[in-house]
Trainee: 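Got a structure here, written out as structure tokens. Questions coming.
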Amino acid sequence: MEIIIQSYFITLLTLKLKHINQILFEKSFSMKKSILITFALAFSILLLAQKQFFKPEKLIETGVYYYPEAWNPDQWDRDFKKMSDMGFEFTHMAEFAWAQIEPTEGVYDFKWLDKAVELAAKHNLKVILCTPSATPPVWLTKKYPEVLVVKPDGQTAMHGTREQYSWSSLKYQELTEKVVEAMAKHYGNDKRIWGWQIDNEPSHYGTLDYNPSAQEAFRQWLKKKYQTIDALNQAWGTAFWSGLYSDFDQIEMPNAGRLISGIASPTSMVDMKRFNADACAAFISMQNKTLKENVSKSQFVTTNFMNNHSDVDPWRNKDLDFISYTMYPVAGYTNGVGNQGFRMGDPWLISFSNDFFRSVNGVTGVMELQPGQVNWGTYNPQPYPGAVHMWLWNAFAGGLDFICSYRFRQPLFGGEQFHYGMVGTDGITPLNGGEQYSQFMKEIRELRKLYVPNVPIPKEYAARKTALLYNVDNVWETTIQPQTSQWNERNHITKYYSCIKSLCAPVDIIDANKDLSSYPVVVIPAFQMVDRALIDKWKQYAENGGQLVISCRTGLKDHNGHFFEAPWADAITNLIGGKIVMNDMLGPNMKAKVAFDGKTYLWNIWGDILEPATGAETWATYADQFYAGKASVIHHKLGKGTVTYIGTDSNDGKLEEAVLKKVYETAGISTNELPEGVIVNWRDGFWIANNYSSSNVTLDIPQTSKIIFGTKDMSPAGVLVWK
Ligand code: GAL
């Protein structure tokens, strides 16, 4: 009943949001009411189907990883008690425990895990159980060595770490299915089990698998996709360097290490990435199916993809209840903002993952959040005091339903010895991150008292709602043929994301097939591979009143990665209101200039030189080089909306931010330009600000605001929560 009532309210809310948007678009969208209602209903049902696992009034639940198999059983009771006393509400176990669960083939031992589950429950901790497929036991890989990944250099992966198995190995699939089924049958109706995580960070951590079963599965995949070898030859463009095939059996997965000069057919490489991601998704789906057939409907099934996954694609696993992600903002790989930014991470990082993974099924959580100092970076600095607390609030702000810390105890042995836990090497004393978790969980318990259901999203904030279009094919394709070593599609996309967030707009990172009509602004960064239907859809969106922003490297190729047999960028010329005459790029140590609204911006990665059509405005121009004075950014009206094309990829994203600001303002959408490094999100009636900068900032919030935690004067890693 509760669900039906909630469904009704969500439907109303959805309709209300639609209504706001309609006003915004001055009734420019002519979507029929009945379609709207059906859409809203379907959306609410989907949302509720997933929300059943989480209670809105809990806002967010926080838990922590535990490895009972690594600790003396005499300490388990003490450890679970400590977890509970620190404020945790759930624990997470067994993702690496195949050797303990199935010590010899077909013989399962759940006694130890039963005991751990019992003790967790005794201390009021729910349990997320995991399938252990990431770490096959040694008996398995010795008996069935054919299941192991074959690395690009021909070496067979060995026992000792993880993810060493081939997704395509039928034997491995069979053995995994058996252990998953045994676990599901044992725990599937156990009320103490909250849900399931499949595998761990499904990926091969950047290694490509050339196992013979993967090679064969690739050929089968190609046969299914192309049907005939002629079609494959056409798509792969094999009339180049004598690449022609006469039979699918001749095909091997492209392997850079075995090629003499240049790259293999880029299409063949994109296909390999597509196949690889499909193989991973199928392996996860197989486990999902086995679990679903055996576990109660009240237990969720998810998996935890890495936030910066590269060869796999979380969006291919929409069959799971939701997808969660893993997050480590500080491990020596970023400078962040200011001289202490390397201790806080990039301001956009957690928000980006929230908005990316939530898009899959409407719900997400962070399954691993950095607890403090880690061990695996090129160097591993201490996070800035308070940074862990800030990450927790940033995760909350993105609408997450749960947060899980990696891990409870600092390991005394194994490959991650220097990795902090919630408690240190003595197993009992909270480390600085552990204390910050406790503080956060205490604050959330306070916040729950202030929770009011179904508070509508503030009007001005909703009016800025922006969709960022994403398609993993473009990431793969531009990585294969980057044209400049400086091109990094993910950096380009996150640069745009960061610009939008610095204007305080809520963002959904969405699939290009999704309906765009509810977004006042849609940003399309470097969407290189397109088709006619997609361009028409974008055109229609603008004509109906939307503000479309497109960046360089969009619309150049078809889905096979071929240029169109037409004038350069012809597919988007009408849409963007101008021609792309050529593009240019400079070396990493050279800088060129673009002038926009009285300021100059530096760039060197990519610059499209544009020629606006009649009626289009030139917003920015190149300020030097032999094309000085030519257009870099153009803008034109299209139907009831506008299209802005940003041809230059600036070094610090400031050009993009300034142009985006102008797009919103020209369309009458207010923005709230935040101090550098500050992120502000709204969730469930609360505003949350995080200061990732290395300086103190004073946040300008309305006089009428009621501050719940923090102060308007925010120090680095500060958090401010207000209503
Ligand atoms: C994650 C991984 C965990 C653990 C952690 C250490 O990427 O999923 O199992 O290794 O890193 O930071």
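Keep in mind that what you see is a predicted model, and the values were worked out from it rather than measured. Every heavy atom of this structure was used, including side-chain atoms; hydrogens, water molecules and symmetry mates were not. Atoms within a ligand are numbered from 1 in the order they appear, just like the ligands themselves. We're numbering straight along the sequence, starting at 1.
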Trainee: Please work out, at 4.0 Å between heavy atoms, whether the side chain, the backbone, both, or neither of Asn200 comes within that distance of ligand 1.
Mentor: side chain

Trainee: State whether a side-chain donor-acceptor pair under 3.5 Å links Gln164 with Thr141.
Mentor: no

Trainee: Indicate, as side chain, backbone, both or neither, the part of Met327 found under 4.0 angstrom from ligand 1 when only non-hydrogen atoms are considered.
Mentor: neither

Trainee: With atoms numbered from 1 as shown, which atoms in ligand 1 lie under 4.0 angstrom from a non-hydrogen atom of Phe96?
Mentor: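 Contacts of ligand 1 toward Phe96, numbered from 1: 9 (O).
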
Trainee: Answer yes or no: are there more than 12 heavy-atom neighbours, outside Tyr205 itself, under 6.0 Å from its atom OH?
Mentor: yes

Trainee: Return the closest protein heavy atom for atom 6 (C) of ligand 1 as residue, atom name and distance.
Mentor: His419 NE2, 3.1 Å

Trainee: Once the angle between the rings of Phe440 and His389 is folded into 0 to 90°, is it parallel (under 30°), tilted (30 to 60°) or perpendicular (over 60°)?
Mentor: perpendicular

Trainee: Provide, to 0.1 Å, the distance between atom 5 (C) of ligand 1 and the closest protein heavy atom, together with that atom's residue and name.
Mentor: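 The answer is Tyr328 OH, 3.3 Å.
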
Trainee: List the closest protein heavy-atom neighbour of atom 9 (O) of ligand 1: residue, atom name, distance to the nearest 0.1 Å.
Mentor: Arg162 NH1, 2.6 Å

Trainee: How far apart are the C-alpha atoms of Asp199 and Thr131, what are their side-chain angles, what is the distance that settles it, and do they pass the side-chain hydrogen bond (donor to acceptor under 3.5 Å, both in side chains) test?
Mentor: CA-CA 5 Å; Asp199 203 87; Thr131 72; 5.6 Å; no

Trainee: Write out the residue and atom name of the closest protein heavy atom to atom 10 (O) of ligand 1, then the distance separating them to 0.1 Å.
Mentor: Glu416 OE2, 2.4 Å

Trainee: May I ask whether Thr326 has any heavy atom positioned less than 4.0 angstrom from an atom of ligand 1?
Mentor: no

Trainee: Are Glu118 and Lys122 within salt-bridge range, i.e. N to O under 4.0 Å?
Mentor: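 The answer is no: the pair does not qualify as a salt bridge.
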
Trainee: For the pair Glu416 and Arg162, find out whether any cationic side-chain nitrogen is under 4.0 Å from an anionic carboxylate oxygen.
Mentor: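 Salt bridge flag = yes for Arg162 with Glu416.
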
Trainee: Within a distance under 4.0 Å of any heavy atom of Trp376, pick out the atoms of ligand 1 and give their elements.
Mentor: 6 (C), 12 (O)

Trainee: Under the criterion side chain to side chain contact (heavy atoms under 4.5 Å, CB included), I'd like the reasoning laid out for Trp71 against Arg78: C-alpha separation, chi angles, the key distance, then a yes or no.
Mentor: CA-CA 11 Å; Trp71 304 108; Arg78 180 200 73 184; over 6 Å; no

Trainee: So is Arg407 in contact with ligand 1, going by heavy-atom distances below 4.0 Å?
Mentor: no

Trainee: If we ignore hydrogens and angles and just use 3.5 Å, is the side chain of Asn375 paired with the main-chain N or O of Gln417 as donor and acceptor?
Mentor: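 Absent.
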
Trainee: Check each of Glu163, Met367, Glu368 against atom 1 (C) of ligand 1 and report the one with the nearest heavy atom.
Mentor: Glu368

Trainee: If the cut-off is 4.0 Å to any non-hydrogen atom of Glu201, which atoms of ligand 1 fall inside it?
Mentor: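 With Glu201 as reference, the close atoms of ligand 1 come out as 1 (C), 2 (C), 7 (O), 8 (O).
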
